Number of protein chains: 2
Amino acid sequence: MSKQEFDVKHKIIVSAKKLFSELGYDGTSVRKICDEAGVSLPLVSYHFGGKENVFLAILEQLSKLPYFPETGDPKLDLQNYLEVYISFYRQERELSQIIRQELAMNSARSDKIISFIQATTDKLKGILENGRDKGVFKFESTSNNVRFILGCLTMTFSKSEVLEILIGQTDSSNYPIEKEVFDFIYKAIRS
Amino acid sequence: MSKQEFDVKHKIIVSAKKLFSELGYDGTSVRKICDEAGVSLPLVSYHFGGKENVFLAILEQLSKLPYFPETGDPKLDLQNYLEVYISFYRQERELSQIIRQELAMNSARSDKIISFIQATTDKLKGILENGRDKGVFKFESTSNNVRFILGCLTMTFSKSEVLEILIGQTDSSNYPIEKEVFDFIYKAIRS
DNA sequence: GTCTATACAGGGATAGAC
DNA sequence: GTCTATCCCTGTATAGAC
């Protein structure tokens, strides 16, 4: 792949990612992507073979989801888990927005997303169950609590202006939301 | 409005609601709505003046959001709040799914949704702040904690098959999720 | 009030020149 | 490898018959 070819593919990816996150998959046309990227329409088909594949190429970035070793200490593992993944998604605002949209839509593309994030979710499940076995955590249903935690995290990443109108700006800027979401979750599940 | 006219409008609304919740606004065409409803294409324009207005007519059902009196007791008010609104959204699965999608999309239609649910969110905010003032609840930022709670609730209502694949089925069916989400939230914010 | 037929804009993908 | 021009499909909305 030549330097120039790389540039075009890269420009398309960057523009598509921006537009998908703002307008959703259906709301983003190939024409808009190409206008944003400053390239002509057929280049999407030429380089990627269609809109769908541009989307999949963006999802590939999920394979860079960070890994961290587990210590076996439930509180510490939970803390690490939240820290690592929150910082990943905070750096990847557009990507997290796209995932949020697609999962909310139950779209056909969701299956692909799941295959990327399944391991992450399973890890959280493992941490919760380990904590419960050791008597550090206390809750009824693991999968329900995974749901709740993912719900909290989703809201934490979300860059939605709509939510800011609805809920209001964060009021204590000196206390970071990363810390507060851990407080919330840890208190919620500890014994 | 004649009986027959009511029936057609009603059929369109019911079909549109189902399809919007499954396919999203952009993914739902007027043709699909009419096929589902068993009526001809122009009737949407005739009765509603367009697809957008069908959507708004569905949102009108949000004005039936239940009201409940506040007692001033933070724990009780929180419990009532969660109970009332969870049961509303559990009865209105399709509607809650639509709201979830639209808010995730930051769509142009979100403003309308906000105007319906703003009061509900403000009420939750009030309950949290009252609880903190009385020393029953303990947290840093009200708006952050409203975010977390709404995140938990969103995941609780969500009928997404995708999430079931990702997280797994609820494992303890005898302990209702309505009860568990209260446990989770209450533990998270109490002193 | 409801239908069939159609207009017209916009979608994705491609043919063919360069 | 990249462009212009175009194809064909599907989207919404409407004209006009009944």
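Here is the naming used below: chain letters follow the sequence lines, and residue numbers restart at 1 for every chain. As the structure is a prediction and not an experimental result, all values here were calculated from the model.
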Exercise. Which residues satisfy the ring pair (Phe, Tyr, Trp, His ring centres under 6.0 Å) test with B:F88, sequence neighbours excluded?
Worked result: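 With neighbours one apart ignored, the set is empty.
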Problem set entry | Under the ring pair (Phe, Tyr, Trp, His ring centres under 6.0 Å) test, residues paired with B:Y186 that sit two or more places apart | B:F182
Exercise. Among the nucleotides C:dC3, D:dT2, C:dT2, which one has an atom lying closest to any side-chain atom of A:L43?
Worked result: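 The listed nucleotide nearest to A:L43's side chain is D:dT2.
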For this session: Specify whether B:F20 and B:F55 have parallel, tilted or perpendicular ring planes, treating 30° as the upper limit for parallel and 60° as the lower limit for perpendicular.
Result: perpendicular
Problem set entry | Residues touching DNA chain C, which here means a heavy atom under 4.0 Å, drawn from residues 11-19 of chain A |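 Residues of residues 11-19 of chain A under 4.0 Å from DNA chain C: none.
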Interatomic distance, [X] [atom1] vs [N] [atom2] [rounded to whole Å]:
| X | N | atom1 | atom2 | answer |
| --- | --- | --- | --- | --- |
| A:F55 | C:dG12 | CZ | P | 14 Å |
| A:I33 | C:dG10 | CD1 | P | 17 Å |
| B:N53 | D:dA13 | CG | C1' | 13 Å |
| B:D35 | C:dC3 | CG | P | 12 Å |
| A:D7 | D:dG1 | CG | C1' | 13 Å |
| A:Y46 | D:dT2 | OH | C1' | 9 Å |

For this session: Compute the angle between the rotation axes at the two ends of the helix from C:dG1-D:dC18 to C:dC18-D:dG1, each taken over five pairs, rounded to 10 degrees.
Result: 10°
Seminar exercise, completed: The side chain to side chain contact (heavy atoms under 4.5 Å, CB included) partners of A:L19 (sequence neighbours excluded) come to A:E22, A:L23, A:T28, A:K32, A:I33, A:E36
Exercise. Mind checking what makes side chain to side chain contact (heavy atoms under 4.5 Å, CB included) contact with A:S87, not counting sequence neighbours?
Worked result: none
Name the atoms and distances for all side-chain donor-acceptor pairs under 3.5 Å in residues 57-64 of chain B, with sequence neighbours left out.
| from | atom 1 | to | atom 2 | distance (Å) |
| --- | --- | --- | --- | --- |
| B:Q61 | OE1 | B:K17 | NZ | 2.7 |
| B:S63 | OG | B:E60 | O | 2.6 |

Exercise. Partners of B:S21 by side-chain hydrogen bond (donor to acceptor under 3.5 Å, both in side chains), sequence neighbours excluded?
Worked result: none
For this session: Name all residues meeting the side-chain hydrogen bond (donor to acceptor under 3.5 Å, both in side chains) criterion together with A:D77; count only those two or more places apart in sequence or in a different chain, and write none if there are none.
Result: A:T71
For this session: Name all pairs fulfilling the side chain to side chain donor-acceptor pair (under 3.5 Å) condition that reach into residues 97-116 of chain B, sequence neighbours left out, sorted by first residue then second.
Result: A:S160-B:N106, B:R100-B:S158, B:E102-B:S107, B:E102-B:R109, B:S107-B:S110
Exercise. Does any pair with a residue in residues 113-143 of chain B pass ring pair (Phe, Tyr, Trp, His ring centres under 6.0 Å), and if so which ones, sequence neighbours excluded?
Worked result: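 Matches after skipping sequence neighbours: none remain.
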Please list each protein N or O that sits under 3.5 Å from an N or O in nucleotides 5-11 of chain D, with the distance.
| from | atom 1 | to | atom 2 | distance (Å) |
| --- | --- | --- | --- | --- |
| D:dG11 | N7 | B:R31 | NH1 | 3.2 |

Exercise. Does atom NZ of B:K138 have more than 12 heavy-atom neighbours from other groups under 6.0 Å away?
Worked result: no
